[in-house]
Amino acid sequence: MLFSELGLGPDVLRAIEDKGYTQPTPIQEQAIPWVLQGRDVLGCAQTGTGKTASFTLPMIDILASGRARARMPRSLILEPTRELAAQVAESFETYGKHHKLSMALLIGGETFSEQVKRLDRGVDVLIATPGRLIDLFERGNIMLNDIKVFVIDEADRMLDMGFIPDIERIVSKLPKIRQTLFFSATMPPEIRRLADAFLMNPKEISVAPPASPAETVTQAMALVHEVDKRKALRHLLRTEDVRNAFIFCNRKRDIDVLRRSLERHGFNAGALHGDMVQSKRTETLEAFKRGDITLLVCSDVAARGIDVQGLSHVFNFDVPINAEDYVHRIGRTGRAGRQGRAFMLATPDDDKLVSAIARLIKREIPMIAIDGLESAEFGEEEARPSRGRGGRGRDRSERTKDRGERAGREASREERAPRAEAGQREDRPRDERQRDERPSQPRESVAAAEARRSEPRRDRDRDRRRRRDDDDDDVAVIGFGDHVPSFMLRAARPRPADAARDTKAEALDGAQEG
DNA sequence: AAAAAAT
């Protein structure tokens, strides 16, 4: 089957040809003729199947043959993330280059004024993430009365992200008579219900997931101790022939730490996650696509759908919490028939997550050893320097139990005479002991006291992590020994209330407060 | 054990 047989107009075909494509993918082959006929489509397809072009190509054709009324937008595409929205906009630009269609990319994190200006000039296509679209609509900047083609992309992910109420609101502003294209990688009952509500007599299309990563991506996993992860990663980066790679972390706060660590060791790394300002996100992704940056340390914002041509490697610095995310992450490489390689660093604690992944992909991930690193074993206790005492030599259930009991002890102590149980204090880390030297506050409820107590502890841990990163990677800092720096006994950013209390406490020097 | 999205 060729693109030229699908009923697309000559200008779109020319753009496709310019791009060097002749054969449509299965989803394009199945969807395009129906979309051109004006039918609603319910498409079950993952990213990487050529789904985006399956709606942009016919939409360009439809829009080209129609006319805008009072310059109102005639089509709307909703995407779950800003990067995906930007990618769809690129697709419109690529395939619509022989047309005079105008579009607006309406995503958060960018200034309103540019988007509003564009809307005022009149656009044919809106490509948006839900939040910004609603915002602009409520400010009266968008008319949705003339939307003829509406696309919901990645519906299951929208569901995961809690966007469904937003989508329902948006749909309620659209004309009842319209064409709706609805795409989802999976069809759980809630998604099916949603589709029933939004679509009219849809043509259902389902394509096999893209060649499962198992076939085009060579996978491997190293089992290492938490403290050795960065070293293990560096070893892989040096021994593998890495052209460019995504390095996935589970937590945003770990991303920049890892990026800096890589940079210190001479790697060319950027970062991408949802807490960065949008301009930086865009800039970084562009630099990565150009090859100015070769390593991109990222969160799952980049796990799905982001298409970087010819990505050679994916590294899972952390084992993903959801098994499906593993498939999405490694699916960034080995695309379009190319070979890709995916490595994962697991720690002894990741036992269950790794088996869940193996179950999902129906195969074991081959285990490799890293030269010069002691390899770890599943089920082995993992040293947790950042937790202070109680990490080594005891298993997790014991530790958890201990923490629970300790919390209980402290709570009851708070209720009774706070200083009475000196004997038990030796069980606790020194910094906590010292905290107790402060005057107690009898009127504070137990819950409030616990909340107050746990807050500085979080800040302490954060500081400790920062310190570790400044140290040489190979040196694990375990606890503080006998010295507790005074700043550790305060919150890192004292709120005015805390500060006041602390000063007061010092002044009273142990006296009881009323 | 997390991340994604409006400000």
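Within every chain, numbering begins at 1; the chains are lettered A, B, ... in the order of the sequence lines, protein sequences first and strands thereafter. Values reported hereafter were calculated over all heavy atoms of this structure, with side chains retained and with hydrogens, waters and symmetry mates removed.
- Between A/Leu106 atom CG and B/dT7 atom P there is a gap of 12 Å when expressed in whole angstrom units.
- Phosphate contact (OP1/OP2 of B/dA4, side-chain N/O of A/Lys252, threshold under 4.0 Å): present.
- Note that NZ of A/Lys231 is 14.0 Å distant from CG of A/Leu345, once rounded to the nearest 0.5 Å.
- Across all strands shown, A/Leu353 has heavy atoms under 4.0 Å from base atoms, whether or not it also approaches the sugar-phosphate.
- Here the two rings, on A/Phe55 and A/Phe183, have centers that are under 6.0 Å apart.
- A/Asp300 places its CG atom 12 Å from the P atom of B/dA5, with the value rounded to the nearest Å.
- Comparing B/dA2, B/dA4, B/dA1 by their closest approach to the side chain of A/Asp325 singles out B/dA2.
- Distances from the side chain of A/Phe112 to the nucleotides B/dA2, B/dA4, B/dT7 place B/dT7 closest.
- Donor-acceptor pairing under 3.5 Å, judged by distance alone, is absent between the side chain of A/Asp318 and the base of B/dA1.
- Because its NZ or CZ atom is both nearer than 6.0 Å to the ring centre of A/Phe112 and within 45° of the ring axis, A/Arg132 counts as a cation-pi partner of that residue.
- Geometric assessment of A/Lys229 against the ring of A/Phe317 yields a positive cation-pi assignment under the 6.0 Å and 45° thresholds.
- Atom C1' of nucleotide B/dA1 and atom OH of A/Tyr326 are separated by 19 Å, given to the nearest angstrom.
- Checking the phosphate oxygens (OP1, OP2) of B/dT7, no side-chain nitrogen or oxygen of A/Arg139 falls inside 4.0 Å.
- Remark: aromatic rings of A/Phe246 and A/Phe288 are close, center separation under 6.0 Å.
- Between B/dA5 and A/Thr81, no contact under 4.0 Å exists linking OP1 or OP2 to a side-chain N or O.
- Minimum atom distance to the side chain of A/Arg82 is reached by B/dT7, of the listed B/dA2, B/dT7, B/dA4.
- For B/dA2, neither phosphate oxygen OP1 nor OP2 lies less than 4.0 angstrom from any side-chain nitrogen or oxygen of A/Ser299.
- Listed candidates were B/dA1, B/dA6, B/dA4. Nearest to the side chain of A/Asp135 is B/dA6.
- Spacing between atom CD of A/Gln115 and atom P of B/dA5 amounts to 14 Å, rounded to whole angstrom units.
- A/Leu272 places its CG atom 13 Å from the P atom of B/dA3, with the value rounded to the nearest Å.
- Note on A/Asp160: a base of the nucleic acid sits closer than 4.0 angstrom, heavy atoms only.
- When heavy atoms are screened at a 4.0 angstrom cut-off, A/Gly162 is found touching no nucleic acid atom at all.
- If you take CE of A/Met158 and C1' of B/dA4, they are 11 Å apart, rounded to a whole angstrom.
- Aromatic rings from A/His313 and A/Phe315 are positioned such that their centres are separated by under 6.0 Å.
- Rounded to an integer number of Å, the gap from CG of A/Asp275 to P of B/dA6 is 13 Å.
- If you take CD1 of A/Ile107 and C1' of B/dA6, they are 12 Å apart, rounded to a whole angstrom.
- Across B/dA4, B/dA2, B/dT7, the shortest atom-to-atom separation from the side chain of A/Arg132 is found for B/dT7.
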